[in-house]
Amino acid sequence: ILEKPLWIKLSNTSSSGATQTSHSGRPHTRTQQPKSIISTMETQVSNGPSGTSLPNGPVISSNGATDDSKTNLIVNYLPQNMTQEEFKSLFGSIGEIESCKLVRDKITGQSLGYGFVNYVDPNDADKAINTLNGLKLQTKTIKVSYARPSSASIRDANLYVSGLPKTMSQKDMEQLFSQYGRIITSRILVDQVTAGISRGVGFIRFDKRNEAEEAIKGLNGQKPLGAAEPITVKFANNPSQKTGQALLTQLYQTAARRYTGPLHHQTQRFRLDNLLNASYGVKRFSPITIDSMTSLAGVNLTGPTGAGWCIFVYNLSPEADESVLWQLFGPFGAVTNVKVIRDFTTNKCKGFGFVTMTNYDEAAMAIASLNGYRLGDRVLQVSFKTSKQHKA
DNA sequence: TCGGATT
């Protein structure tokens with residue numbers, strides 16, 4: 001059997017996953033969907049199959065182990081509330097699944113926002129990438145790509161970087177880190193309101209944990225070329241590792257929306273139906289299967305994809321703590337984060353704090369209602385946070 | 001009187 005040279009596969013198959021950027025290879029059926037604000041950028045270098053096996057069927061390597069490099073997919077950026085069943089429904093609509101797993105936090109049981117799907121047929125894995133990569137579910141744009149072979153050495157290789165100069169691009173950051181090893185993914189978080197200004201924090205995932213360790217040793221506390229401040233480089237937390245309170249708030253909001261469903265709901269449901277039917281024919285269509293997805297499909301289609309709306313609260317008392325902010329702002333809607341700014345040595349509140357709310361309308365209502373509100377003997381000033389403290 | 005940040 002003749003096999004095409006690898007480079008032909010790579011160059012004529014946008015979906016091969018061998019060189020995959022987060023928004024390439026998106027199926028035509030989604031190109032007319034409303035685009036939400038993309039608050040982050042990401043690229044991914046090659047992690048696809050190595051190309052030494054036959055195009056179809058299970059591949060047995062020399063040591064007798066099954067090579068699942070053409071059937072096993074990793075799915076990233078799943079909505080927090082997606083269940084194992086919904087995950088299986090979505091990917092099972094493509095073809096027969098050998099196994100799949102939504103990865104959860106060992107202790108809390110919370111989804112870590114990613115999972116693995118291993119298909120029986122490599123063609124289905126390819127189809128899944130073509131069809132489902134880039135699919136928008138709630139506030140997330142899921143990423144579907146070939147999984148790297150499981151190995152202890154690739155675990156815990158993800159770094160969190162802060163203090164980056166605002167002018168540093170993702171490419172700059174990759175260049176800085178690439179001296180320590182092969183970068184699998186990188187991302188710089190950007191401000192959602194100004195649509196694209198760096199927040200000065202980001203992520204770098206290396207291929208190997210020891211590469212990540214070396215990068216910490218080499219770059220933590222260092223000033224990048226021409227930068228005024230040193231950067232902080234440390235191992236990243238798990239995705240969506242939130243405060244207990246924020247998590248409860250989010251779960252509450254999610255549960256409420258399942259039953260009150262916004263107007264987007266029906267539109268989005270049709271979109272998902274069309275996607276699956278158009279690609280695979282009605283015979284794969286199961287109303288029950290699709291119904292199990294609708295709770296995920298309708299929420300917040302065009303809403304902010306980033307951190308939310310940040311509110312500045314001034315004139316808090318020195319004794320103020322986080323709970324007062326939760327109590328003040330919680331009634332207006334989804335609060336994802338509160339922070340009281342304290343003096344480092346006295347640990348007393350410096351008179352101000354921040355509240356992040358998910359929805360613009362709720363944030364605006366909270367500001368309108370709470371600005372000028374009398375808390376004890378103080379009158380609060382409440383406004384959207386400004387991006388710069390412009391001194392006169 | 002506008003931090004630190006966790007995809």
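Just so you know, these numbers come straight off a predicted model, no measurement behind them. In what follows, chains are A, B, ... by sequence order, proteins preceding strands, each numbered from 1.
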Rounded interatomic separation in angstrom, taking [atom1] from [X] and [atom2] from [N]:
{"X": "A:Lys234", "N": "B:dT6", "atom1": "NZ", "atom2": "C1'", "result": "9 Å"}
{"X": "A:Glu229", "N": "B:dG3", "atom1": "CD", "atom2": "P", "result": "13 Å"}
{"X": "A:Lys350", "N": "B:dC2", "atom1": "NZ", "atom2": "P", "result": "9 Å"}
{"X": "A:Phe235", "N": "B:dA5", "atom1": "CZ", "atom2": "C1'", "result": "20 Å"}
{"X": "A:Asn237", "N": "B:dT7", "atom1": "CG", "atom2": "P", "result": "9 Å"}
{"X": "A:Gln138", "N": "B:dT7", "atom1": "CD", "atom2": "P", "result": "15 Å"}
{"X": "A:Lys339", "N": "B:dA5", "atom1": "NZ", "atom2": "P", "result": "6 Å"}
{"X": "A:Leu380", "N": "B:dT1", "atom1": "CG", "atom2": "C1'", "result": "13 Å"}

Out of B:dT1, B:dA5, B:dC2, which has the shortest distance to the side chain of A:Gln381?
B:dT1
Which nucleotide in the set B:dC2, B:dA5, B:dG3 lies at the smallest distance from any side-chain heavy atom of A:Thr386?
B:dC2
List for me each residue that meets side-chain hydrogen bond (donor to acceptor under 3.5 Å, both in side chains) alongside A:Asp361, sequence neighbours excluded, and say none if there are none.
none
Looking at B:dT6, I'd like to know if its phosphate oxygens (OP1 or OP2) sit under 4.0 Å from a side-chain N or O belonging to A:Arg199.
yes
Residues within residues 215-223 of chain A bordering DNA chain B, heavy-atom distance below 4.0 Å
none
Restricting to ring pair (Phe, Tyr, Trp, His ring centres under 6.0 Å), what partner residues turn up for A:Phe332, sequence neighbours left out?
none
Just to verify, what does A:Lys217 make a salt bridge (charged side-chain N to carboxylate O under 4.0 Å, His left out) with, not counting sequence neighbours?
A:Glu214
With sequence neighbours excluded, tell me which residues meet salt bridge (charged side-chain N to carboxylate O under 4.0 Å, His left out) with A:Arg205.
none
Is the shortest distance from a Lys or Arg side-chain nitrogen in A:Asp121 or A:Lys127 to a carboxylate oxygen in the other one below 4.0 Å?
no
Under 3.5 Å, is there a donor-acceptor pair between the side chain of A:Asp343 and the main chain of A:Thr346?
yes
Base, sugar-phosphate or nothing for A:Phe352? Non-hydrogen atoms, less than 4.0 Å.
sugar-phosphate
Answer yes or no as to whether B:dT7 has its base stacked against A:Phe203, where stacking requires a ring-centre separation under 5.5 angstrom and planes under 30 degrees apart.
yes
So which pairs with a foot in residues 309-334 of chain A pass salt bridge (Lys or Arg N to Asp or Glu O under 4.0 Å), sequence neighbours left out?
A:Glu319-A:Lys348, A:Glu322-A:Arg342
